[in-house]
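In what follows, a single structure is set out as structure tokens and then discussed.
Given the structure is predicted, the values throughout are model-derived calculations rather than measurements. Positions are given from 1, in the same order as the sequence printed here.
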Amino acid sequence: MVNLTFPDGSVREYDDGVSGVDVAQGISKSLAKKAVAMKLNGELADLADPIAADAKIEIVTRTDDDALELIRHDAAHVMAEAVQELFPGTQVTIGPVITDGFYYDFARDEPFTTEELELIEKKMAEIIDRNAPFTKEVWSRDVAKKYFSDKGESYKVELVDAIPEGEDLKIYRQGDWLDLCRGPHMVSTGHIGKAFKLMKVAGAYWRGDSNNAMLSRIYGTAWASEKDLKAHLTRLEEAEKRDHRKLGREMDLFHFQEEAPGSVFWHDKGWTLFQSLITYMRRRQKSWDYHEVNSPDMMERTLWEQSGHWEKFGENMFTTQTPDERIFCCKPMNCPGHVQIFKNGLKSYRDLPLKIAEFGKVHRYEPSGALHGMMRVRHFTQDDAHVFCAEDQITQVCVDLHEQIMSIYHDFGFTDIRVKFSDRPEKRVGSDAVWDAAENALKTAIDAAGQEWTLNPGEGAFYGPKLEYVLRDAIGRDWQCGTVQVDLNLPGRLGAFYIDTDGNKVHPVMIHRALFGSLERFTGILIEHYAGHFPLWLAPLQVVVATITSEADDYARDVARKLTAAGLNVETDLRNEKINYKVREHSLAKVPALLVCGKKEADERSVSIRRLGSKHQTSMSLDDAIASLVDEAIAPDLRRAMEAAKAEAAE
């Protein structure tokens, strides 16, 4: 007998080998009809699988969140069947579920074209209408190799060879078609539904190795309902409009070129925006008692070997050898340099927590195919900091960091923020006991902060567990930005210590912290979040003063001087062009405020203000306009400080 525990906590006893189908039918016929899979101890499984041991069980219906992954997985299999029906001789390779969809790689003499996608979609709909059941079989290695070899599926033969000895070799059928697959699947193809779309075709090397054959990849998306599919496609359209690379050109912020792959060429307006982020963060960090430092961009390989980076991260590091045969590495991280600064001079418990911050340029090799504008680069700037503290200070330090991070993201317009806890990865340094202590300390801290979190298993840094802060932007996309990591390994590896209350040398705890993360990436996220329409305090160019007639040129220059003197970023547009042309041009460049000056405004010492996104304009005196714009351009942290000072003065 087996005991199954249900989500409501109730426990029922069943015969050994009972299936999920049997369990669902025993609860109700309606549940059995809706069920598509089950979860055993939190893991998705085929509904028809026998249950051989006590477990926590949950019946999954098609409308459950857990079913979405299965819908996409099944859709990938149906797409593969459709391709082989339409194009005999095409080999099927691999087809995983990815964010928002799936893909399959095919070996075919001619790559697929976008025109063929509609044909494949129609065939997929036919297969779904057949409602063929998914059935699982376990084959021996020899039988599987012979089957796929006889069919000319050489890539499947290679996949069979890659499966470890002793591991089950699973085959899933849907009608007459089958594939090698770990599973699980829903009960039949009909449960996929018609809320799917094939998105694009691309080339992909077999196993991601450029030395291997080029395959043809088809990307698709699938959702539980037509409404969800339509919403997703609308988000994609909106994302295309907001693409930071497109807006970066229109706003004249930056560019990329092949001579420096993965590196940003900042233009003056873009650099102004970038520096405003640093200025903001520098103010916040100073108020939190951080000491800003700067460490060398290049250090000898021996230091990176000692820290563990060379072993765990070496393949992603840029290196150079000098004429005296010393090997140096461009730093991929700032932490070893900060440890050297901590070690310079004797530290005691009275100095802790000691907070060291740096806007450090780091260098990490990313494959050319992975580069994506400012979202994935090879050279970027981190708002990096390390807090050296005693073990009994970990909780308070991390609670403070959490509050600071949340405050910063709210200032930049992000209100939907998720936190993930990433525990130990397979490639790591330090003993399990040290990792246990670090993970427990970080969990205690985030719980003490009252923050809900989800587990992101195996995704910690190689030296310690971390909290990942995920921002949801204006169109519902998630971006992982800030991190907090508790490190009980690196200070000891690099010989850092402080003198405790008993006069002993003790290795400090090192808490790694990045709030923006990569400033380049955060800039790209901001551009897309705001669609280039920045709040005035953040806009790199805040005001353009444009003339209607040349008679107002001198007045426009005077207006610009006064705005500049008040601290605003201003340009003038005195060209002999129609005002509507100027308005369109500056709107495309996402200038928040356009001050229009004609002879009337010059005579009255006034301006007409047209705001980005509005077809209306407001007339007001020059002094009132300057005062209004200056007030609007105050950064959120400075506004809070001003309000606090006023409140204190009023008491």
Side-chain angles (χ1 to χ4, degrees), residues 2 16-20 37-57 69-70 72-74 76-77 79-81 84 90-98 102-107 133-186 204-215 217 311-312 314-315 423-429 431-432 435 456-460 462:
V2 294
D16 288 340
V18 66
S19 71
M38 63 179 170
K39 289 176 74 173
L40 293 177
N41 296 323
E43 296 291 329
L44 283 168
D46 293 317
L47 197 64
D49 279 353
I51 304 170
D54 294 351
K56 292 181 179 178
I57 188 172
E69 180 179 344
L70 297 174
R72 292 168 177 164
H73 187 187
D74 292 2
H77 276 238
M79 180 177 72
E81 180 181 358
Q84 290 197 316
T90 301
Q91 291 190 60
V92 174
T93 65
I94 58 172
V97 172
I98 56 175
F102 58 90
Y103 70 78
Y104 235 112
D105 289 343
F106 301 96
F134 284 101
T135 56
K136 179 170 60 180
E137 301 172 9
V138 178
W139 288 9
S140 71
R141 187 179 301 270
D142 291 342
V143 168
K145 287 183 67 172
K146 183 177 186 309
Y147 175 84
F148 289 116
S149 180
D150 289 346
K151 286 191 65 178
E153 296 270 11
S154 59
Y155 291 94
K156 288 297 180 186
V157 173
E158 189 175 333
L159 289 172
V160 171
D161 285 334
I163 296 174
E165 291 284 349
E167 188 173 313
D168 286 344
L169 201 156
K170 299 175 186 176
I171 298 291
Y172 278 84
R173 290 184 182 272
Q174 55 204 57
D176 296 328
W177 190 85
L178 59 82
D179 196 10
L180 178 71
C181 181
R182 291 191 183 93
H185 285 272
M186 295 187 290
Y205 291 110
W206 171 236
R207 294 186 176 276
D209 187 339
S210 60
N211 295 315
N212 291 336
M214 175 67 78
L215 304 175
R217 176 175 294 180
E311 177 188 356
K312 306 298 182 184
E315 62 188 14
D423 61 9
R424 65 195 74 185
E426 288 187 16
K427 291 176 67 174
R428 60 181 183 269
V429 296
S431 67
D432 285 343
W435 274 87
N456 193 19
E459 292 300 317
F462 72 85

Legend entry - Tyr155 and Asp105 side chains, donor-acceptor separation under 3.5 Å: no

How about [X]: does its [atom1] atom have over 12 heavy atoms from other parts shown lying under 6.0 Å from it?
| X | atom1 | value |
| --- | --- | --- |
| Asp161 | CG | yes |
| Tyr147 | OH | yes |
| Lys56 | NZ | no |
| Glu69 | CD | no |

Side chains of [X] and [Y]: does their closest heavy-atom pair fall under 4.5 Å?
| X | Y | result |
| --- | --- | --- |
| Leu70 | Phe134 | no |
| Leu159 | Arg207 | yes |
| Asp46 | Tyr172 | yes |
| Leu215 | Gln91 | no |
| Asp49 | Met38 | yes |

Minimal non-hydrogen separation, [X] against [Y], with atom names:
| X | Y | value |
| --- | --- | --- |
| Cys181 | His185 | SG-NE2, 3.4 Å |
| Gly458 | Asp423 | N-OD1, 2.5 Å |
| Pro184 | Ala45 | CB-C, 3.7 Å |
| Trp139 | Ile171 | CD2-CG1, 3.5 Å |
| Ala48 | Ser19 | O-CB, 3.7 Å |
| Leu40 | Ala55 | CD2-CB, 4.3 Å |

Inset, instruction - Can you spot which of Lys151, Lys156, Lys136 makes a salt bridge (charged side-chain N to carboxylate O under 4.0 Å, His left out) with Asp179? - result: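 Result for salt bridge (charged side-chain N to carboxylate O under 4.0 Å, His left out) with Asp179: Lys156.
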
Legend entry - With Phe102 via ring pair (Phe, Tyr, Trp, His ring centres under 6.0 Å) - residues at least two apart: none

Measure the spacing between [atom1] of [X] and [atom2] of [Y] and express it to the nearest 0.5 Å.
| X | Y | atom1 | atom2 | value |
| --- | --- | --- | --- | --- |
| Asn41 | Asp54 | CG | CG | 9.5 Å |
| Lys312 | Glu426 | NZ | CD | 10.5 Å |
| Tyr104 | Met79 | OH | CE | 8.0 Å |
| Leu47 | Met186 | CG | CE | 11.5 Å |
| Lys39 | Ile57 | NZ | CD1 | 12.0 Å |
| Phe106 | Gln84 | CZ | CD | 7.5 Å |

Inset, instruction - Ignoring hydrogens and angles, tell me if any N or O in the side chain of Arg141 forms a donor-acceptor pair with the backbone of Val160 under 3.5 Å. - result: yes

Inset, instruction - Could you tell me whether a side-chain N or O of Trp206 sits under 3.5 Å from a main-chain N or O of Asn211, the two making a donor and an acceptor? - result: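 Here the side-chain-to-backbone pair does not exist.
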
Legend entry - Residues Phe462, Glu311; criterion side chain to side chain contact (heavy atoms under 4.5 Å, CB included); working and verdict: CA-CA 10 Å; Phe462 72 85; Glu311 177 188 356; over 6 Å; no

Legend entry - Carboxylate-amine/guanidinium proximity below 4.0 Å for Asp142 and Lys146: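 No salt bridge links Asp142 with Lys146.
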
